[in-house]
There are 2 protein chains.
Amino acid sequence: MLKSAALAETPPPMRRGRPRKSEQERDESLRRAELVRAAAQLFRAKGFDATPTRDIAAAAGMQSGSPFYYFESKSALLLAVMCDGMAQAKARQDAALQALPARAPARERLRALIRQHFEVLLGAGSDFIPVMLYEWRSLTAEQRQQVAAQKDGYEAAWMPSLNALHRTGQLQARPAVARLFIFGALNWTVQWFDPAGPRTLDDLTEQALCLFVGKA
Amino acid sequence: MLKSAALAETPPPMRRGRPRKSEQERDESLRRAELVRAAAQLFRAKGFDATPTRDIAAAAGMQSGSPFYYFESKSALLLAVMCDGMAQAKARQDAALQALPARAPARERLRALIRQHFEVLLGAGSDFIPVMLYEWRSLTAEQRQQVAAQKDGYEAAWMPSLNALHRTGQLQARPAVARLFIFGALNWTVQWFDPAGPRTLDDLTEQALCLFVGKA
DNA sequence: CCTACCGATCGGTAGG
DNA sequence: CCTACCGATCGGTAGG
């Protein structure tokens, strides 16, 4: 496949101002992203250990050794899946909270957080976060720290809502432990939720809210 | 190691009535159990795929090929871990419910179930159930069915309590979905609970109860 | 149960 | 990025 090299060597006429290097870089980062996407899907479907790097290469349209041109090791690829996933999830979370009316009640803030979390866990093509949740063990200690930092930021955003709900008595467990239990309940849905089944994410969200903080 | 063979060939004087075969069988089943225990511990610590059968053999004091004298494959050993674990968990569950005063309130029945589940998940030397929860993927379809049947029986025992709590309004989500969320919350504790930390299983149980069905 | 071993798979690399 | 390949590991078996 010499296509991308040819493009880089002969810049297309309409893109006069662009330096060559940038084209190359864009192409490289596209291929890299394709590898991460393919890896996420396979890691989720078969598990990290059970996924040969050769399969990831094939899914990205490459030969067996090529992933190691982009990533120094298989676990570096796993780390990329997790970090990309967390960055995306955090961005969506911020957007979901921004979209709320100013001074929305805590119950509605929690609803938005839960709903958005389901989206990221169970939505079409969302393999990144499930991989992060279930493949921790395959990271090195340093890699784990890196992901943990992002995860902590994501989960910390839930505490203001939980604290507020505790103050009003709607949340009856201590907020810190409640957060751990709640994430467990939500994260476990990837084990049983069937996107082809009758349950909608809205229904799931409402039921989770009822379970944790009761009806409105 | 000829010790066990020697014992079988020359029955000990005090055990006059016992036939040889039974001694041999008992010895075999002890060794088998030792393999299952070692496998459970390693599968939990490192994951199924990342655990070589050689390590399991060594942990049980055997040579590399010997586990295959007792189990036809590595995944048969995994199945044994899960089935033994579920059988034990179910037995403890029955005992916990029996120990309750007759006509105990539903909240107390749920408390007993949660407390017992924590014991099985987080207690010392309880590796079987965590392995069952996190290594599904490594079973064949038929093996999965076998474990699923036991798991269904275990989880079904929670429904009478959940239904009762729903009727009284203490549980505000639909019982069927609530059960899924609740097991998620509880099962996830294996990811974060530190037995050496300050939290006790009693405190955890109380907090879970408050979260799901509120204070007494 | 052990010894000795096979065949396959796999992560990763050199060299272009 | 590809080609060709290495070294190591691993599940499982034969034969006793």
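Here is the naming used below: chain letters follow the sequence lines, and residue numbers restart at 1 for every chain.
The residue among B:Glu72 and A:Ser66 whose nearest nucleotide of DNA chain D is located toward the 5' end is A:Ser66.
Atom NZ of B:Lys74 and atom C1' of D:dG12 are 12 Å apart (whole Å). Protein atom CZ of B:Phe71 is 15 Å distant from nucleotide atom P of D:dT13, rounded to whole Å. In this structure, the CG atom of A:Asp55 is 15 Å from the P atom of C:dG12, given to the nearest Å. Counting to the nearest Å, the P atom of C:dT13 and the CD atom of A:Gln63 are 18 Å from each other. In this structure, A:Met62 atom CE and D:dT3 atom P are separated by 14 Å, rounded to whole Å. Rounded to whole Å, the distance from CZ on A:Phe68 to P on C:dA14 is 13 Å. What separates CG of A:Asp49 from C1' of D:dC10 is a distance of 13 Å, to the nearest Å. Across the protein-nucleic acid pair, B:Arg54 atom CZ and D:dT13 atom P stand 13 Å apart, rounded to whole Å.
Counting non-hydrogen atoms under 4.0 angstrom, B:Thr51 reaches the backbone sugars and phosphates but no base.
Of the possible polar contacts, none joining the B:Arg54 side chain to the B:Ser64 backbone as a donor-acceptor pair under 3.5 Å is found.
Between B:Arg115 and B:Glu119 a salt bridge is recorded (basic side-chain N to carboxylate O distance below 4.0 Å).
The aromatic rings of A:Trp158 and A:Phe183 lie tilted to each other, with the angle between the two planes from 30° to 60°.
Checking D:dT3 for Watson-Crick or G-U wobble geometry (two distances, each under 3.5 Å) identifies C:dA14 as its partner.
A ring-centre distance under 6.0 Å is found for B:Tyr134 and A:Trp188.
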